[in-house]
Amino acid sequence: MGRPPELLMLAVLVGVLTSALTAAVVGARLLRLARHTRQLPELSAGIGLVAFALAQAIAILSSALASWLPTGALLALRGSYLLAFSLVSIGLIVFTVETFGRTAWRCALGASIIVAGIAVRVAIFLSEVPVNGSPHGGAPPSPAQLIAGLTYALTYGWMGAEALHYHGKARRAYRIGLASPEVVSRFWVLGVGALSAAAISIAAATAGSLGHPVTVFLVSGALVNAVTLVLVFMPPAAYRSFVDARAAEQAARRV
Amino acid sequence: VSDSPAFERAAEELEHLSGRARIEVRGTLRLVLRSVGLEARTATRLQVKTVVERLLATELESRGVSDAAELCAKVSASIDDVQDSGAGRSAIEIFERIGRAADGRK
């Protein structure tokens, strides 16, 4: 269970870059939309996705330049990385709460995950763990890294569960003409995509003691993440036509 | 947080026509809205009207209300002139807004 070979490392890099670039593009579009609408869901999701892209870029940079940069610069990179990942959690949690209903229990759960995530990232920053100590450094993750990964998984897992739960309601809304089939399908895509991202987060947090299967899982997960982001937040015309046509077919079969 | 004008009007009318308690009427209407992912405080006129016309009658019948269909038709008609206080803010509307922006649809 040593380091993955070069080819797998390259695959991880391609997967991470694809996911980060997609998040950057989709996030920037959401921020542009938020500038016009002044609405929190698109603003928070936009911030979360842009922060995700930044965090990935910092992780790649710090890995590539680790032996070249002075300690101060590496420390700054590590701080930026942890800050960016905190922003990802904050953005996605605010999006979940604002989209699926600002209830007291959702606000309390969201605040708890955010506070726990920030606290554990501060602990990581104050320790001597490398910026992206897991999963490819070979060393087993520290308890703090494990907890950080789990709070991240919880962020995605919660969002996925809410989206799948709402998908059932949206289907009923579609049957009485209050939702389009395309919108209904995007709740399902978000649910499945976010739950797979939660699984990836858990794998990434524990990957120090695992090996090639996790690396393959991370790559495929990163690609699923990219596809999810596009279908949910920037649905292409072809996807919408496909979903509409399939819904029309099903409706015709029922008649 | 106050409920939307359409919800308020529909609830008042339903309470008046059915003779049921205010809390029961509003609770029933809230449940029916929630079953399709909508909230009383943000539901628009069109949403309340659709839910009243398509779903409420069954719910009222299950609670022993007689002439539920006729009652729902009257409640629906009563909210025709209600002005929405703003755009809907349900998850469905958020996803519609984000989807429209993807290709510049208005």
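These numbers were taken from a predicted model, which means no experiment stands behind them. Chain letters run A, B, ... following the sequence lines, proteins first and then strands; every chain starts at 1.
Of all non-hydrogen atoms in A:Arg29 and B:Ala101, the two that sit nearest each other are NH1-O, 4.0 Å. Scanning all heavy atoms of the two residues, the minimum distance from A:Tyr166 to B:Gly37 falls at OH-O, 2.6 Å. When every heavy atom of A:Glu98 is checked against every heavy atom of B:Ile94, the shortest pair comes out as O-CD1, 3.8 Å. Of all non-hydrogen atoms in A:Thr37 and B:Arg97, the two that sit nearest each other are CG2-CD, 4.0 Å.
In A:Gln250, the CD atom is crowded: over 12 heavy atoms of neighbouring residues, nucleotides or ligands sit closer than 6.0 Å.
In terms of heavy-atom pairs under 4.5 Å with chain A, the best-connected choice from B:Arg34, B:Glu93, B:Arg89 is B:Arg34. Between chain B and the options A:Arg32, A:Gln39, A:Met234, A:Arg171, the largest number of non-hydrogen pairs under 4.5 Å is found for A:Gln39.
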**OP:** Take B:Ile92 and A:Leu178, measure what side-chain contact (heavy atoms from CB on, under 4.5 Å) needs, and give me the verdict at the end.
**Re:** CA-CA 9 Å; B:Ile92 291 170; A:Leu178 287 177; 5.5 Å; no
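Both the backbone and the side chain of B:Gln47 have a heavy atom closer than 4.5 Å to some heavy atom of chain A. In this structure, chain B has a heavy atom under 4.5 Å from the side chain of A:Phe95, while its backbone stays farther away. For a residue to count as touching a neighbouring chain, one of its non-hydrogen atoms must lie under 4.5 Å from one of that chain's; by this rule A:Ile176 touches chain B with backbone and side chain alike. For a residue to count as touching a neighbouring chain, one of its non-hydrogen atoms must lie under 4.5 Å from one of that chain's; by this rule A:Tyr174 does not touch chain B. Only the backbone of A:Arg175 comes within contact range of chain B, with at least one heavy atom under 4.5 Å from a heavy atom of that chain.
Between the CD atom in B:Glu39 and the OG1 atom in A:Thr103 there is a gap of 8.5 Å [rounded to 0.5 Å]. A distance of 9.5 Å separates NZ in A:Lys169 from CG in B:Leu38, rounded to the nearest 0.5 Å. To the nearest 0.5 Å, atom CZ of residue B:Arg41 and atom CZ of residue A:Arg102 are 6.5 Å apart.
By the 4.5 Å heavy-atom criterion applied to side chains, A:Arg186 and B:Ile98 are counted as neighbours.
The aromatic rings of B:Phe95 and A:Phe233 are tilted relative to each other, their planes meeting at an angle between 30° and 60°.
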